[in-house]
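This report concerns only the one structure given below.
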Number of protein chains: 2
Amino acid sequence: MTKVNIKYLAAQLNMAPSTVSRALNDSYEISHATKAKVLALAKKLNYQPNPYARSLRAHSSKTIGVIIPERINNFFSQVIDGLESITQEYGYHLLVYNSHEDVEQEKKIISYLLGGRVDAIVMSVSSQTSDTQHLAQVQSQGIPIIFFDRIAQDIPTTKFTTNDFESGYLGTKHLLEQGCRKVFFLLLSKEITIGRERMKGYQKAIEESDLDFSEDWIIQCHQDENQNLELFKSLIYPIHRPDGIISSVEKLAITAYHAIRQTKLRIPEDIRLVSFSNMKIADLLQPPLTTISQPAHEIGVQCGQLLMKKLIKKNQPDLPNTLITIPSTIQVRTSSFLKP
Amino acid sequence: MTKVNIKYLAAQLNMAPSTVSRALNDSYEISHATKAKVLALAKKLNYQPNPYARSLRAHSSKTIGVIIPERINNFFSQVIDGLESITQEYGYHLLVYNSHEDVEQEKKIISYLLGGRVDAIVMSVSSQTSDTQHLAQVQSQGIPIIFFDRIAQDIPTTKFTTNDFESGYLGTKHLLEQGCRKVFFLLLSKEITIGRERMKGYQKAIEESDLDFSEDWIIQCHQDENQNLELFKSLIYPIHRPDGIISSVEKLAITAYHAIRQTKLRIPEDIRLVSFSNMKIADLLQPPLTTISQPAHEIGVQCGQLLMKKLIKKNQPDLPNTLITIPSTIQVRTSSFLKP
DNA sequence: ACAAGACACGGAAACGTTTCCACAATTAAA
DNA sequence: TTTAATTGTGGAAACGTTTCCGTGTCTTGT
């Protein structure tokens with residue numbers, strides 16, 4: 001039960017701690033014989049180096065902080081899986097936090113992470129985040145930060161998104177081609193960039209059509225699911241209801257399904273629906289949901305690769321201030337498609 | 001850009017590092033005047049204590065390791081959310097790992113975690129895990145470990161599960177009541193405890209009936225989805241196909257939906273289906289899926305509470321070797337229910 | 001045979017905290 | 001007034017690594 005550390009090994013072997021350390025790290029200045037002895041004892045006693053002593057000494061924690069706005073969401077889980085697939089190869093660990101779409105929570109997490117607990121941060125900002133001062137502070141401490149999906153535009157670093165504008169455009173275009181004359185756009189929050197980009201794509205598609213767009217076609221939704229349900233029901237009940245809906249996030253599409261079902265309307269006969277979503281089982285829904293799905297795993301992988309390149313070697317340049325776009329794919333299913 | 005640490009603060013204030021440290025920790029032996037001065041400068045220079053120096057000194061990392069067999073799964077995400085809701089109150093951090101249902105991966109993760117990187121481990125074992133020697137080693141190092149859902153029975157510690165036996169029994173009973181005469185049980189792996197428990201419940205329900213059970217009603221599934229799909233199609237194609245299926249995990253139920261759809265059979269008319277699942281949108285499936293769903297968030301919360309009680313105070317007793325059961329709830333939907 | 005380098009290892013400092021121990025200065029008790 | 005206790009602070013050690021610097025023993029070339 002006594003902790004087996006380098007000093008203990010050294011004492012057992014009648015060697016200096018420095019020699020043991022070097023042997024364990026396979027240093028060139030240690031003879032094969034000594035290395036063998038050290039490694040044998042280390043294995044026998046099941047020596048495990050203390051990561052904190054190491055971190056303290058090396059000023060690097062081999063840990064990456066990941067902040068996501070919600071955990072119960074396939075998209076984020078896939079991104080983290082992708083990220084982990086890269087980072088674990090290099091012996092990095094993932095500290096994962098859920099901001100619950102709450103800026104205050106986000107700030108709190110960031111403040112935990114300052115002070116060297118992580119070597120870098122990978123995050124998707126909360127939908128409430130407009131002021132990015134707390135994020136700028138991360139950079140000023142010299143901690144690399146990468147944004148994905150929901151990015152903070154004014155922080156100079158690498159950001160990964162999908163082709164949100166284009167996808168919003170294509171998704172809307174698709175609805176118009178199906179004969180929709182009144183297409184609503186479900187927006188989670190004006191703050192988040194992807195919402196805005198997707199909305200702009202939507203707006204462009206609408207502008208190119210001959211429909212007389214009205215501002216109230218863009219639905220600002222709440223965080224609360226029940227509020228959204230009531231809102232949607234009120235929107236689709238009247239005679240002026242939409243015949244098409246494009247949802248910028250999966251959660252809202254789910255609620256839309258519920259609302260439409262409760263009002264006894266039919267998808268796609270009465271209302272056609274398209275949603276951004278990374279749901280695996282979109283094809284099992286009633287009816288199967290037309291999705292615009294993001295290459296989540298790939299995003300995670302690319303975040304990981306970029307980060308490892310930066311962290312593994314010393315004196316690497318800062319992460320370039322660029323926006324990397326990985327295209328989404330639209331998968332047309334029954335929810336938007338009326339067979340002739 | 002020079003790191004602001006305690007020594008630096010002390011130099012600026014013309015005090016000893018020990019005084020500064022005590023002031024920051026609000027020690028009773030420091031005067032109010034000094035505390036005020038120190039705190040003011042610390043705030044001004046945005047001092048952040050180095051967590052690794054602290055951990056090294058205190059032999060505690062304020063970090064908990066979480067190991068799950070898959071990330072893209074609502075159940076595990078909910079558990080982690082519940083766990084985090086407790087641990088973050090106490091300033092604990094979560095290091096999350098995905099074992100991808102692979103024992104070797106699991107062992108590797110465990111070995112990372114030994115050596116003090118985490119103060120405790122919360123995990124659900126992989127479906128391949130039968131030998132638990134690597135898990136026993138964790139305890140021998142004095143690191144508390146808690147299992148949930150998929151537990152390692154022979155490790156003496158607290159384990160959280162749901163009433164798997166009972167749920168398996170009730171789910172099967174429900175199918176029998178719907179008139180099923182041949183009910184298959186989908187098993188992910190014989191190794192995992194919950195699979196076994198659920199299966200035993202199934203077996204009891206079958207035994208109590210007048211059906212002539214055959215061992216091949218229990219379907220050992222693969223890890224690979226496509227293999228399962230082919231397997232299921234071969235099982236439901238012949239005339240001796242089942243008229244009821246109970247799936248011990250969500251993933252297999254999804255594949256069963258696909259298989260049944262591809263063979264042009266109907267749920268529930270031809271085959272009635274029940275599954276253990278924490279899917280949020282079971283009611284939106286075609287047809288809505290009858291689920292036995294676990295109180296995932298609550299499991300996480302209870303893991304967290306137990307762990308915090310153990311970790312916050314010194315010299316707490318070991319975690320009791322008990323099995324805590326939190327009941328699942330069955331939600332009957334169309335997939336298993338034939339309206340008269 | 002002797003200087004010069006290579007080789008193998010030991011000693012000690014450093015990373016940033018916390019805490020044990022010591023010690024003045026002040027206050028309370030005798 | 002002397003002694004004892006209290007209060008506020010400083011010095012230094014310790015946590016477990018890694019690494020800088022030093023040093024002694026061998027080899028090698030001249």
Side-chain angles (χ1 to χ4, degrees), chain A residues 1-39 41-42 45-63 91 114-119 141-142 314, chain B residues 2-39 41-42 45-63 91 112 114-119 141-142 314:
Chain A
M1 203 54 184
T2 61
K3 288 106 194 168
V4 35
N5 54 28
I6 284 193
K7 241 186 257 179
Y8 181 79
L9 290 179
Q12 294 291 310
L13 292 161
N14 253 338
M15 304 196 301
S18 51
T19 306
V20 175
S21 170
R22 276 185 279 241
L24 290 170
N25 291 320
D26 200 27
S27 162
Y28 69 96
E29 35 181 8
I30 299 294
S31 68
H32 285 292
T34 307
K35 277 185 195 171
K37 270 191 265 179
V38 171
L39 290 180
L41 188 66
L45 299 184
N46 193 27
Y47 165 74
Q48 294 288 343
N50 182 311
Y52 296 110
R54 225 175 226 184
S55 293
L56 179 58
R57 182 59 225 228
H59 295 287
S60 104
S61 61
K62 289 248 171 194
T63 304
L114 261 34
R117 189 176 289 273
V118 296
D119 295 345
Q141 299 258 336
K314 267 289 163 204
Chain B
T2 61
K3 288 106 192 168
V4 34
N5 54 26
I6 285 194
K7 243 186 254 178
Y8 180 78
L9 290 179
Q12 294 290 311
L13 291 162
N14 253 339
M15 304 197 300
S18 51
T19 307
V20 175
S21 171
R22 276 184 278 242
L24 291 170
N25 292 319
D26 200 28
S27 163
Y28 69 96
E29 33 183 9
I30 299 294
S31 69
H32 285 290
T34 307
K35 277 184 195 171
K37 270 191 265 179
V38 172
L39 290 179
L41 187 66
L45 299 184
N46 194 28
Y47 164 75
Q48 294 287 345
N50 182 311
Y52 297 110
R54 223 175 229 185
S55 293
L56 178 59
R57 180 62 224 226
H59 294 288
S60 106
S61 61
K62 288 249 169 192
T63 304
Y112 290 151
L114 261 34
R117 190 176 288 275
V118 296
D119 294 346
Q141 299 259 336
K314 266 289 164 205

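Letters go in sequence order (proteins before strands), and every chain restarts at 1. Please read all numbers here as calculations on a predicted model, not as lab measurements.
The NZ atom of A/Lys35 sits 10 Å away from the P atom of C/dC9 (whole-angstrom rounding). Between A/Asn14 atom CG and C/dG11 atom C1' the separation is 15 Å, expressed in whole Å. Atom C1' of nucleotide D/dT19 and atom CD1 of A/Ile30 are separated by 12 Å, given to the nearest angstrom. Regarding B/Lys37, its NZ atom lies at a distance of 12 Å from the C1' atom of D/dT9, rounded to whole Å. Rounding to whole angstrom units, CE of residue B/Met15 and P of D/dG10 are separated by 7 Å. Taking atom CD1 of residue B/Ile6 and atom P of nucleotide D/dA14, one finds them 19 Å apart after rounding to whole Å. One interatomic measurement links the two molecules: CG of A/Asn25 to C1' of C/dC9, which rounds to 15 Å at whole-angstrom precision. Distance CD (B/Gln48) to P (C/dC15): 20 Å, rounded to an integer number of Å.
You'll find the side chain of A/Met15 stays beyond 4.5 Å of the side chain of A/Ile30, heavy atoms only. Side-chain contact between A/Tyr47 and A/Leu41: absent, with no pair of heavy atoms (C-beta onward) separated by less than 4.5 Å.
Under 4.0 angstrom from either OP1 or OP2 of D/dT6 there lies no side-chain N or O belonging to B/Tyr28. For C/dC15, the OP1/OP2 oxygens have a side-chain nitrogen or oxygen of B/Lys7 closer than 4.0 Å. Under 4.0 angstrom from either OP1 or OP2 of D/dG10 there lies at least one side-chain N or O belonging to B/Thr19. Phosphate proximity of D/dT17 to A/Tyr47: present, with a side-chain N or O under 4.0 Å from OP1 or OP2. Put simply, A/Asn5 has no side-chain N or O that comes within less than 4.0 Å of OP1 or OP2 on D/dC15. In terms of phosphate contacts, B/Ser21 brings a side-chain nitrogen or oxygen within less than 4.0 Å of OP1 or OP2 of C/dT18. The phosphate of C/dG16 has neither OP1 nor OP2 within less than 4.0 Å of any side-chain N or O from B/Asn50.
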Open item on the list: Walk me through whether A/Asn50 and A/Asn5 qualify under side chain to side chain contact (heavy atoms under 4.5 Å, CB included).
Closed with: CA-CA 8 Å; A/Asn50 182 311; A/Asn5 54 28; over 6 Å; no
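A/Arg57 contributes no side-chain N or O that forms a donor-acceptor pair with the base of D/dT17 under 3.5 Å. No N or O donor and acceptor, one from the side chain of B/Arg54 and one from the base of C/dT17, sit under 3.5 Å apart.
Within the nucleic acid shown, A/Thr34 comes within 4.0 Å of sugar-phosphate atoms alone, with no base atom in reach, counting heavy atoms only. Here B/Ser31 lies in heavy-atom contact (under 4.0 Å) with sugar-phosphate atoms only.
Projected onto DNA chain C by closest heavy-atom contact, A/Arg22 and B/Ala58 fall at different nucleotides, the more 5' of which corresponds to A/Arg22.
At distances below 3.5 Å, not a single donor-acceptor pair connects side-chain atoms of A/Ser21 with backbone N or O atoms of A/Pro17. A donor-acceptor contact shorter than 3.5 Å links the side chain of A/Lys35 to the backbone of A/Ser27. The main-chain N or O of B/Arg117 is found under 3.5 Å from a side-chain atom of B/Ser61 such that the two form a donor-acceptor pair.
Residue B/Leu56 has its side chain nearest to C/dG16 when only C/dG16, D/dT19, D/dT17 are considered.
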